Number of protein chains: 2
Amino acid sequence: MLSKKAQYAFRALSTLVRRDLARRNEQNAPESSAFDAPTSISNMVQIHPMSTKFLETILLDLKRGGILGSKKGKGGGYYLLKHPDDTPLAQVIRILDGPIAPLPCVSLHFYERCHDCNEAVCGLNRLMAEVRDANLAVLEQRTLSDLAVHPEGAAASA
Amino acid sequence: MLSKKAQYAFRALSTLVRRDLARRNEQNAPESSAFDAPTSISNMVQIHPMSTKFLETILLDLKRGGILGSKKGKGGGYYLLKHPDDTPLAQVIRILDGPIAPLPCVSLHFYERCHDCNEAVCGLNRLMAEVRDANLAVLEQRTLSDLAVHPEGAAASA
DNA sequence: TCTTTTTCCCATCGGATAGGTAGGAATTAA
DNA sequence: TTAATTCCTACCTATCCGATGGGAAAAAGA
């Protein structure tokens, strides 16, 4: 299960993505994220109500994780460092929740040796690697852009 | 990530599966699990070293979950209620760790409404349902039998 | 009947983690 | 100078994870 951190992160990111895509559209500037339109925490909380302080720590994590940039002071806030298409959901989850794999011994980014089994012949290892791959097939393919897409062109936000 | 409970469960189950399959093979009795060959906790711990007391609670969970049967007293122990082919890994995980889905609002067996989003238009909901399906494609298909299979006919256990 | 071996049940416990809060320093724009 | 913002450190509380202890109940064998 995703932690609250990851869930809130996706909420906040969906706001940033929608703004980012809208700006690109109106400015007809498909390349490189601009640094001029940061969104403040208080702004994000207005759109998706949640604890301001908690969101603060989450956005800091996303910044340290290389997904967001920030601008301090009046008019400051956070912005996407890359095009939404270029940040897979897997990256967000790894930053906030750690490993995606169901076992440390099959994790790609957080590997830890399994001390009481031989990985080459361990049935569980092999099966959980399958599960990991099934997850990654979705989470590395889907990106922040997909967060903002609504199937039937519905208007409400989420 | 799987809990230790689930990991230990799979270890213990792999012992039961191997015994079960071996017995079926030598007795040439393909139908219905026999009730005459229970394996005790102390026996399982000898094969896969772990806390006896902890394994006790795990096996009790598996029994309540409908996977194992038990026999008390001298010569007693636990045994599979069904053919190993007929217990998907998903069932084991649900008993010990709860939901497989990454969010309660996309869980099939542990569904909980998502109070601050409209599921019909929530981008995250839709994406996490994809993740859930990718997981289930493996975990409902693979069974206890797959736990006991070693790819290259290696001899060591795991 | 008595003893041994087992499952079964209930209570507890220490440490870690999740989720969230508090207070203030540093930076920036107006 | 002031107001708005990010940034940083520390803390807090409740829950859960992993594990243990002490028996009661059942069954088999001597």
Side-chain angles (χ1 to χ4, degrees), chain A residues 1-12 16 35-46 48-65 67-81 93 95-99 102-104 110 115-116, chain B residues 1-12 16 35-46 48-65 67-81 93 95-99 102-104 110 115-116:
Chain A
M1 300 274 284
L2 289 184
S3 67
K4 293 286 179 192
K5 260 189 175 171
Q7 292 181 49
Y8 293 158
F10 283 125
R11 295 254 170 96
L16 294 180
F35 297 80
D36 56 348
T39 302
S40 72
I41 293 177
S42 53
N43 230 270
M44 297 183 208
V45 169
Q46 284 176 347
H48 290 296
M50 64 183 96
S51 157
T52 300
K53 270 300 197 182
F54 196 34
L55 181 56
E56 192 183 302
T57 70
I58 293 166
L59 293 170
L60 239 8
D61 286 341
L62 290 174
K63 186 193 172 182
R64 296 193 189 105
I67 289 179
L68 298 182
S70 67
K71 187 169 178 299
K72 283 187 183 179
K74 206 166 193 172
Y78 293 88
Y79 51 88
L80 295 172
L81 283 175
I93 294 175
I95 290 170
L96 295 159
D97 286 1
L103 290 178
F110 300 85
H115 57 293
D116 41 5
Chain B
M1 299 273 284
L2 290 183
S3 68
K4 293 285 181 193
K5 260 188 175 174
Q7 292 181 49
Y8 294 157
F10 283 125
R11 297 255 171 95
L16 295 180
F35 297 79
D36 57 348
T39 301
S40 72
I41 295 178
S42 53
N43 229 269
M44 298 184 208
V45 169
Q46 282 176 347
H48 290 296
M50 64 183 95
S51 157
T52 300
K53 268 302 198 180
F54 196 33
L55 180 57
E56 190 184 303
T57 70
I58 293 166
L59 293 171
L60 239 7
D61 285 341
L62 290 174
K63 186 195 171 179
R64 295 193 190 107
I67 289 179
L68 298 182
S70 67
K71 186 168 177 300
K72 283 189 183 176
K74 212 167 190 173
Y78 294 89
Y79 52 88
L80 295 172
L81 283 176
I93 295 176
I95 290 170
L96 295 159
D97 287 0
L103 289 179
F110 300 85
H115 56 293
D116 42 4

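All heavy atoms count here, side chains included; hydrogens, waters and symmetry mates do not. If you're wondering where the values come from, they're calculated on a predicted model, not measured in any experiment. Letters go in sequence order (proteins before strands), and every chain restarts at 1.
Counting only heavy atoms from C-beta outward, the side chains of K63(B) and S70(B) approach each other to under 4.5 Å. Taking the side chain as every heavy atom from C-beta outward, Y78(B) and L60(B) approach each other to under 4.5 Å. Residues I67(A) and I95(A) form a side-chain contact, since some pair of their non-hydrogen atoms from C-beta on lies under 4.5 Å apart. Two residues are said to be in side-chain contact when any heavy atoms from C-beta on lie closer than 4.5 Å; L55(B) and R11(B) fail this criterion. Side-chain atoms of P104(B) and M1(A), non-hydrogen and from C-beta on, do get closer than 4.5 Å to each other.
Interface residues of residues 52-60 of chain B facing DNA chain C, ordered by number: K53(B), E56(B), L60(B); criterion, heavy-atom separation under 4.0 Å.
Residue R64(B) has a polar side-chain atom (N or O) positioned under 4.0 Å from OP1 or OP2 of dC9(C). S40(A) has no side-chain polar atom (N or O) that falls below the 4.0 Å cut-off from OP1 or OP2 of dA4(D). S70(A) has a side-chain polar atom (N or O) that falls below the 4.0 Å cut-off from OP1 or OP2 of dC7(D). Using a 4.0 Å cut-off, some side-chain N or O of K63(B) falls inside it from OP1 or OP2 of dC8(C).
Contact between L81(A) and G69(A) at its shortest, heavy atoms only, is CG-N, 3.5 Å. Nearest heavy-atom pair across Q7(A) and L2(A) is NE2-O, 3.4 Å.
In this structure, M1(A) places its CE atom 12 Å from P of dC17(D), rounding to the nearest Å. The OH atom of Y78(B) sits 14 Å away from the C1' atom of dA27(D) (whole-angstrom rounding). Summarising the geometry, the separation between NZ on K72(B) and C1' on dT3(C) is reported as 18 Å, rounded to the nearest angstrom. Rounded to an integer number of Å, the gap from CG of L96(B) to P of dA19(D) is 14 Å. The nearest whole Å value for the distance from the CG atom in D61(A) to the C1' atom in dC7(D) is 12 Å. Straight-line distance from the OH atom of Y8(A) to the P atom of dG19(C): 8 Å, rounded to whole Å. For M50(A) and dG19(C), the CE to C1' distance is 14 Å, given to the nearest whole Å. Separating the NZ atom of K74(A) from the C1' atom of dT5(D) is a distance of 10 Å, rounded to the nearest angstrom.
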